[in-house]
Amino acid sequence: MGPIVELELVPEPRRAVIENLLQFYLYDFTRYLDIAADENGRLPDYPDLDDFWAYPQRKFPFLIRADGEPAGLALVERTDDEGSRPSYYMVEFFVLQKFRRRGVGRVAAAMLFDRFKGRWKVTQLKNNEPAQQFWRRIIGIYTAGAYKERTHPFQGHPSQYFES
């Protein structure tokens, strides 16, 4: 049996937990993108992170916990116009290496899909094959294979589209 997974919507006074986990996330991304540390050894601040507290009806910063311990993060954005069917975009999703391959990401993703019912889009970098494999497997299980995948015509990044 895997760890107990919880999602916590992070209020602005606790935003440091998201900012700190984003450093590890960006570190992982140095494998795929040209991201440089500054002279203090710090990676850049995540762009427009303030928006996740400035627009609480559209942007949702989540801490993922495993057995009560910070285990990752998810940044979700509602992308539809009010009044139409809800649409959501998985802006970022990250699980610390300690918790990978233990079901934490799978459970957290399903919890998010269940929490935000509607149309979903999840995108990966074209050169991030581990993320592509993860999302195809997780979304495939969640939807019983009822999802579409499209590749961006210019950038080549794959995205999965499905309903929750």
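Keep in mind that the numbers below use all heavy atoms, side chains included, and drop hydrogens, waters and symmetry copies. It should be emphasised that the depicted structure is a prediction, and the values quoted were computed from it without experimental measurement.
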Practice problem: Using the six-membered ring wherever Trp is involved, compare the ring planes of Phe113 and Trp135 and label them parallel, tilted or perpendicular (cut-offs 30° and 60°). | Solution: tilted

Self-check item: Pair Asp114-Tyr142, side-chain donor/acceptor within less than 3.5 Å
Solution: yes

Exercise. Could you check if a side-chain atom of Phe29 sits within less than 4.5 angstrom of a side-chain atom of Leu43, using non-hydrogen atoms only?
Key: no

Exercise. Write down the atom of Pro11, the atom of Trp53, and the distance for their closest heavy-atom approach.
Key: C-NE1, 3.4 Å

Quiz item: Given the rule in the salt bridge (Lys or Arg N to Asp or Glu O under 4.0 Å) test, do Asp80 and Arg58 qualify, once you have shown the distances and angles that lead to the verdict?
Solution: CA-CA 9 Å; Asp80 61 281; Arg58 284 192 311 122; over 6 Å; no

Quiz item: Under 6.0 Å between the ring centres of Tyr25 and Phe94?
Solution: yes

Quiz item: Is Met90 close to Leu112 at the side-chain level, that is, under 4.5 Å between some pair of heavy atoms?
Solution: yes

Self-check item: Spacing of Gln132 atom CD and Thr123 atom OG1 [to the nearest 0.5 Å]
Solution: 10.5 Å

Quiz item: Do Gln124 and Glu129 meet the criterion of a side-chain donor-acceptor pair at a distance under 3.5 Å?
Solution: no

Exercise. Determine whether more than 12 heavy atoms belonging to other residues, nucleotides or ligands lie under 6.0 Å from atom CZ of Arg31.
Key: no

Quiz prompt | Connected via hydrophobic side-chain network under 4.5 Å: Val95 and Ile4 | solution = no

Practice problem: Assess whether salt bridge (Lys or Arg N to Asp or Glu O under 4.0 Å) is satisfied between Arg15 and Asp50, documenting all intermediate values. | Solution: CA-CA 9 Å; Arg15 70 181 280 160; Asp50 290 343; 2.8 Å; yes

Self-check item: Heavy-atom pair with the smallest gap, counting every atom of Val104 and Ala71
Solution: CG1-CB, 4.3 Å

Practice problem: Spell out, yes or no, whether Leu63 and Tyr27 are grouped together once hydrophobic residues are joined by side-chain heavy atoms under 4.5 Å, including indirect joins. | Solution: yes

Quiz item: Does the ring centre of Tyr89 sit less than 6.0 Å away from the ring centre of Trp120?
Solution: no

Quiz item: In Å, rounded to the nearest 0.5 Å, how long is the span from CG of Leu73 to CG of Asn20?
Solution: 11.0 Å

Practice problem: Can you see which heavy atom on Lys117 is nearest to which on Tyr88, and at what distance? | Solution: O-CE1, 3.5 Å

Self-check item: Asn40 backbone acceptor or donor facing Asp38 side chain under 3.5 Å
Solution: yes

Self-check item: Minimum heavy-atom distance between Asn127 and Tyr32, given as atom pair plus value
Solution: ND2-O, 3.1 Å

Quiz item: Which distance, rounded to the nearest 0.5 Å, do you find between the CG of Asp67 and the CZ of Phe99?
Solution: 7.0 Å

Quiz item: Taking atom CZ of Phe62 and atom CG of Leu9, what is their separation to the nearest 0.5 Å?
Solution: 4.5 Å

Quiz item: Quick one: are Val17 and Val10 in side-chain contact, heavy atoms under 4.5 Å?
Solution: yes

Quiz item: Can you find a heavy atom in the side chain of Arg14 that is under 4.5 Å from one in the side chain of Glu8?
Solution: yes

Practice problem: Decide whether Tyr161 and Leu125 are clustered together by the hydrophobic rule: side chain heavy atoms of Ile, Leu, Val, Met, Phe, Trp, Tyr closer than 4.5 Å, transitively. | Solution: no

Self-check item: Heavy-atom side-chain contact between Phe52 and Val91 under 4.5 Å
Solution: yes

Quiz item: Rounded to the nearest 0.5 Å, how far does CG of Leu49 lie from CG of Leu75?
Solution: 6.5 Å

Practice problem: May I have all residue pairs that pass salt bridge (Lys or Arg N to Asp or Glu O under 4.0 Å) and include part of residues 144-164, sequence neighbours excluded? | Solution: Arg85-Glu163, Arg136-Glu149

Quiz prompt | Donor-acceptor side-chain pairing of Tyr46 and Glu92 below 3.5 angstrom | solution = yes

Practice problem: Identify the heavy atoms of Arg119 and Ser87 that sit nearest to each other, and give their distance. | Solution: NH2-OG, 2.8 Å

Quiz item: Quick one: does Ile139's side chain get under 4.5 Å of Val122's, heavy atoms only?
Solution: yes

Quiz item: For Ile35, does the CD1 atom have more than 12 heavy-atom neighbours from other residues, nucleotides or ligands under 6.0 Å away?
Solution: yes

Practice problem: Applying side chain to side chain contact (heavy atoms under 4.5 Å, CB included), run through His152 and Phe154 and close with a yes or a no. | Solution: CA-CA 6 Å; His152 190 281; Phe154 305 114; 3.7 Å; yes

Quiz item: Rounded to the nearest 0.5 Å, what separation is found between the CD atom of Glu69 and the CG atom of Leu96?
Solution: 8.0 Å

